[in-house]
Enquirer: 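Once you've had a glance at the structure underneath, I'll fire off some questions.
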Amino acid sequence: TFLRFQGAKSLLDVLGKDSYDFFPKALADYFIQDDIEVMSSGKALIDRVELTIDEGVISWFSTTKIPLFDQCGKVMGLMGISRNLRKADSSLNPFQKMLPVIDYIKENHTKEINISDLASICHLSESQFRRRFKQLFRFSPLQFILRIRIESACKLLQTSSLNISEIADRCGFQDQNYLARQFRQHMGLSPSAY
């Protein structure tokens, strides 16, 4: 699965490489930070929702990382499992309940999105929605919307001949400069470099 996920043909294509060989710097930094946290604390990270790249497209995954111990109880490595939220089974039920909100954001990310509209989709008050959303995704609904806009920009950068200004407009960014700043902050490189 990992070989397919990375577009590799054999195990030799991935052995000896690290996250920086497969992901943009910002994503690789994030993954490595989690690895260090698990290995230094000896505590598992369970069902953390994060963006990653699946067959060239940025998607939402639930990731679990578990420390591996030697016979003396020392952490010697870790095991990780990532599941695409779209393809996951019902064991990820809390995330499944938020899928209508994710769909709404994806369909409307080019427009202004009100938190009250998102809360009503889930039949929650705004404060309940904000709290539950942040518990599940580790960031606010507004940060999530920004990530969806960046995901959309990534797709257009890969598949279209639109210029950066047109992509900014189609992805709900105020202007090209705002897209460029946010893109660099989240992806670790400029839209042109991506």
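Along the sequence shown, the residues carry numbers beginning at 1.
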Enquirer: Out of curiosity, Thr63 OG1 to Asp34 CG, how far, rounded to the nearest 0.5 Å?
Expert: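 Here the rounded value is 8.0 Å.
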Enquirer: Rounded to the nearest 0.5 Å, how far apart are OG of Ser165 and CG of Asp169?
Expert: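 These two atoms lie 7.0 Å from each other.
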Enquirer: Using every non-hydrogen atom in the two residues, find where Ser19 and Phe31 come nearest and quote the distance to one decimal.
Expert: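 Scanning both residues, the minimum pair turns out to be OG-CB, 4.2 Å.
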Enquirer: I'd like to know if Tyr178 and Leu189 are part of one continuous hydrophobic network [Ile/Leu/Val/Met/Phe/Trp/Tyr, side-chain heavy atoms within less than 4.5 Å].
Expert: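 Linked within one cluster.
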Enquirer: As an exercise, state the distance from CZ of Arg184 to OG of Ser190, rounded to the nearest 0.5 Å.
Expert: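 It is 5.0 Å, given to the nearest 0.5 Å.
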Enquirer: Decide, yes or no, whether a salt bridge links Lys155 with Glu151 under the criterion of side-chain N to carboxylate O below 4.0 Å.
Expert: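 So Lys155 pairs with Glu151 through a salt bridge.
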Enquirer: Let me confirm one number: the CG-CD distance from Asp117 to Glu126, rounded to the nearest 0.5 Å.
Expert: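 Separation between the atoms: 9.0 Å.
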Enquirer: Is there a path of hydrophobic side-chain contacts, each under 4.5 Å between heavy atoms of I/L/V/M/F/W/Y residues, joining Phe69 to Ile66?
Expert: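 Unlinked, Ile66 and Phe69 end up in two clusters.
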Enquirer: Does any non-hydrogen side-chain atom of Phe129 lie less than 4.5 Å from one of Ser116?
Expert: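 The answer is no, as the side chains (C-beta and beyond) never meet within the 4.5 Å cut-off.
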Enquirer: Check this for me: does any side-chain nitrogen of one of Glu37 and Lys65 sit under 4.0 Å from a carboxylate oxygen of the other?
Expert: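 Salt bridge between Glu37 and Lys65, a charged N being under 4.0 Å from a carboxylate O: no.
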Enquirer: If every non-hydrogen atom of Thr64 is compared with every non-hydrogen atom of Asp47, which pair is closest and at what distance?
Expert: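 Smallest interatomic distance, heavy atoms only, reads OG1-N, 3.1 Å.
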Enquirer: In the structure I gave you, are the side-chain heavy atoms of Cys122 and Met98 within less than 4.5 Å of one another anywhere?
Expert: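 Of all side-chain heavy-atom pairs linking Met98 with Cys122, at least one is under 4.5 Å.
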Enquirer: Do you know the tightest heavy-atom contact between Ile150 and Met187?
Expert: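 It is CG2-CG, 3.9 Å.
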Enquirer: Set out, in order, the CA-CA distance, both residues' side-chain angles and the distance that settles side chain to side chain donor-acceptor pair (under 3.5 Å) for Ser125 and Ser127, then state yes or no.
Expert: CA-CA 5 Å; Ser125 70; Ser127 60; 3.3 Å; yes
Enquirer: Any link between Phe139 and Ile148 through a network of hydrophobic side chains (Ile, Leu, Val, Met, Phe, Trp, Tyr) touching at under 4.5 Å?
Expert: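 Yes; tracing contacts between hydrophobic side chains, which count when under 4.5 Å, links both residues.
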Enquirer: Which residue, Ile164, Leu146, Thr110, forms the side chain to side chain contact (heavy atoms under 4.5 Å, CB included) with Phe173?
Expert: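 Passing option: Leu146.
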Enquirer: Working to the nearest 0.5 angstrom, can you tell me the gap between Met39 CE and Ile32 CD1?
Expert: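 So the gap between those two atoms works out to 12.0 Å.
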Enquirer: Apply side-chain contact (heavy atoms from CB on, under 4.5 Å) to the pair Cys171 and Leu179, showing each step before the final yes or no.
Expert: CA-CA 9 Å; Cys171 296; Leu179 165 62; 5.8 Å; no
Enquirer: Quick check: is Leu142 connected to Phe144 through a chain of hydrophobic side chains (ILVMFWY, heavy atoms under 4.5 Å apart)?
Expert: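 Per the 4.5 Å side-chain linkage, Phe144 and Leu142 are co-clustered.
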Enquirer: Do you know the tightest heavy-atom contact between His109 and Arg170?
Expert: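 Here His109 and Arg170 meet closest at NE2-O, 4.1 Å.
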Enquirer: Going from CG on Leu118 to CD1 on Ile105, what distance comes out if it is rounded to the nearest 0.5 angstrom?
Expert: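 CD1 of Ile105 is found 5.0 Å from CG of Leu118.
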Enquirer: State yes or no: do Val75 and Leu68 share one hydrophobic cluster built from I, L, V, M, F, W and Y residues joined by side-chain heavy-atom distances below 4.5 Å, directly or via other members?
Expert: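 Shared cluster, no.
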